[in-house]
Amino acid sequence: MTSISGGRNGDSPMGEKDVKTENLGGETLHEGLIEVAGNADQLQRHLGNRQIQLIAVGGTIGTALFVSIGGGLMTGGPGSLFIAFTLYSCLLGLVNNCIAEMVVYMPVSGSFIRMAGKWVDESFGFMAGWNFFLYEACLIPFEISALNLVLTFWRDDIPAGAVCAACIVLYAVFNVIAVKYYGEAEFWLSTGKLLLIVMLFLFTFITMVGGNPQHDAYGFRYWYSPGSFAEYVTTGSLGRFQGFLGSLFSAAFTIVGPEYLAMVAGEAERPRTYLKQGFKTMYWRFGTFFIVGALCVGIVLPYDDPTLQNAGTGTANGSPYVIAMQNMGISVFPHIVNALMVTSIFSAGNAYTYCAMRSLYGLSLEGHAPKFLSRCSKQGIPIWAFLVTMCFPFLSFLQVSNNTAQVVTWLANLTEAAQIIDFIVMSVTYIFFFRALRAQGIDRKTLPYVGWWQPWCAYIGAAGMTVMVCIYGYTTFLPGWWDIGTFFSYYTMVFVAIITYTGWKVIKKTKFVPAAQADLVWDKPVIDAYENSLKDPPTRFRDEIMQMAGLKKRERHIGIDVSS
């Protein structure tokens, strides 16, 4: 048999033992057939097309779209919210254009956080990896805190500690078994998210044309009264502009997606085919989920609604949709929506647990975290990275002694800066990747996916995201608004990024990677050999759904060409 293996500097990351994981479409090749490793590390490629696409949806749709978006409406009004979400969706679309080309070309474990170290600067990769890990890890208790907030719709005496404990146990169970079972769980949970968002869009349209208990065709009434643009901080034109900035920062926390799809690169069955499809669909997801979602929120609820204004106390309903249903006297539908919202929020926390584990694993592979964190179970689960990650959900117990909504706000502010830094990393890494391709004479037309209008998308994306992270906490510098706790909640991750980057550079004396010397080969031979060994044709998303339902059989090609 032939064994194809590889790792950093040509060595196997498993030590002296060569990597011999045969993961062809999630199955194993036996004696007499060519033995091909799906990765140069220990992760296993078991995620199919339908799982990848729904994991991408699961990471995209979270608490912010259903609950936190109400803060953006209250701050800026429906007009500012719609413009802000449209603008930021376009900006993130430019970043998606960058990360898609890199990840489809080199679908490795750890994805963009390892690319940053390989193609830009090792210190840059160190900073990117720890920033992403802390971002994902802190989002886990955020989702648990938000879940407690949404549960107050039914009753406000549900023990917060019990909810925290239950979530921690379930996240542990879903993430300690084989990745294909995690993918299956996320498939069904994300399906519930899609159902929820469709229901909310239909609710908005039907009620605005008169399909409500009052038979009131209110249409865009709230855009006229109390108005399209709310004042924030000050009054007049400046106040309305500051309200728009508040909505823009809400959009920056709500609109995500490319990073979650990138992180499954090391465990996708057909990475270049399925990831390419996923990144292409990201654009309509931005347009449908976020831009239309922002429009709907501004239609169903006025920005000065008393219940929305009091949502920060933690005792009222957190979702603007549920508030609107109650205002209309709709009795049953809010319960259905709230139940689906609970599963959606839980799913988002599950996805964050997965990404935090994989980012810590990628850090270990690059020598940026202790080596023992790269050890995996027989099922391809980074077991020690899992144990470290599962310490973070316990931060959710802060809400037992503090106001639930306040904890949600703290965690939201802490993680938003890290999220924007991730997008800066992606854009900057692409600029160096583009230069390396040109310096080494590699025609971009030969890549499996070619982004449009490059490298200008990367430059605009990097500049736009840098401006966002700089002005995110501007209100703390206004007269009468200074609060040291709020200041650090806004800028802690910026300070962490600066410290991790400069610290690693001083200690390791790293330098920027010259374009002509950037490693554009890396794990490419291993991935190429793996994909060439797959003789079954790629499965379309709808075909996998039909196969799962037993409506269609999977065509298989048993013969394998050893010469490939």
Side-chain angles (χ1 to χ4, degrees), residues 6-8 13 19 21 23 25-26 37-49 51-60 95-119 125 128-129 132-133 136 179-180 182-183 186 256-282 351 354-366 374 376 380-382 385 422 425-426 429-430 433 447-449 451 519-531 534 538:
R8 292 187 300 119
V19 180
T21 307
N23 302 311
N39 276 315
D41 51 66
Q42 301 175 60
L43 296 189
Q44 300 178 8
R45 296 191 178 276
H46 284 313
L47 294 176
N49 193 13
Q51 295 168 326
I52 289 173
Q53 304 307 323
L54 269 295
I55 286 174
V57 171
T60 301
V95 178
N96 182 74
N97 192 42
C98 298
I99 190 65
E101 185 172 318
M102 294 187 294
V103 171
V104 174
Y105 170 74
M106 191 70 72
V108 295
S109 306
S111 192
F112 68 92
I113 64 176
R114 295 179 67 195
M115 295 172 185
K118 286 283 188 180
W119 298 337
F132 187 71
F133 168 71
E136 293 295 317
V179 68
K180 61 183 178 181
Y182 161 80
E186 273 303 293
V256 294
E259 65 272 41
Y260 299 105
L261 191 54
M263 289 307 294
V264 304
E267 293 168 283
E269 284 183 358
R270 290 181 175 271
R272 294 201 174 107
T273 301
Y274 296 158
L275 292 175
K276 181 178 180 179
Q277 294 173 2
F279 281 117
K280 282 185 174 181
T281 61
M282 196 65 68
Y354 170 88
C355 288
M357 290 168 54
R358 269 54 182 187
S359 59
L360 192 57
Y361 176 75
L363 282 166
S364 181
L365 290 179
E366 293 300 309
S374 63
C376 292
I381 301 298
D422 289 331
V425 167
M426 295 177 191
T429 302
Y430 181 84
F433 173 68
L447 302 183
Y449 179 84
D519 186 1
L520 298 178
V521 177
W522 196 0
D523 287 346
K524 189 174 182 295
V526 177
I527 299 169
D528 288 345
Y530 163 76
E531 290 210 321
L534 300 175

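- Under the 4.5 Å side-chain criterion, counting only non-hydrogen atoms from C-beta, Q277 is not in contact with I52.
- Under the 4.5 Å side-chain criterion, counting only non-hydrogen atoms from C-beta, M115 is not in contact with F433.
- Residue K280 holds its NZ atom at 11.5 Å from CG of N97, rounded to the nearest 0.5 Å.
- If you take OH on Y449 and OG1 on T273, they are separated by 14.0 Å, rounding to the nearest 0.5 Å.
- With hydrogens and angles disregarded, a donor-acceptor distance shorter than 3.5 Å links the side chain of E101 to the backbone of G451.
- Nearest heavy atom pair, residue V521 against residue M106, reads O-CE, 3.4 Å.
- Side-chain atoms of E267 and Y354, non-hydrogen and from C-beta on, do get closer than 4.5 Å to each other.
- Using bins of under 30°, 30° to 60° and over 60° for the plane-to-plane angle, the ring pair W119/Y105 lands in the tilted bin.
- Counting heavy atoms from C-beta on, the side chains of M426 and E259 come closer than 4.5 Å.
- Of all non-hydrogen atoms in P107 and L275, the two that sit nearest each other are CB-CD1, 4.0 Å.
- Between L363 and G125 the shortest heavy-atom distance is CD2-O, 4.5 Å.
- Smallest separation of non-hydrogen atoms from M263 and G110: SD-O, 4.0 Å.
- Ionic pairing of R272 and D528 is present here: one or more N-O contacts between side-chain nitrogen and carboxylate oxygen are shorter than 4.0 angstrom.
- Atom OH of Y361 sits about 11.0 Å away from atom CD of E366, to the nearest 0.5 Å.
- At least one side-chain heavy atom of I99 sits less than 4.5 Å from a side-chain heavy atom of F279.
- Using a 4.5 Å cut-off on side-chain heavy atoms (C-beta onward), R358 and F132 make no contact.
- Atom CG of L365 sits about 9.0 Å away from atom CG of D523, to the nearest 0.5 Å.
- Side-chain atoms of Y274 and E269 include no donor-acceptor pair closer than 3.5 Å.
- Here the closest non-hydrogen pair linking F133 and A356 is CD1-O, 3.3 Å.
- Using a 4.5 Å heavy-atom cutoff, the side chains of I113 and V425 are not in contact.
- Annotation for E531 and P271: closest pair OE2-CD, 3.2 Å, computed over non-hydrogen atoms.
- Inter-residue side-chain proximity for P382 and L360 is flagged as unmet; no heavy-atom pair is nearer than 4.5 Å.
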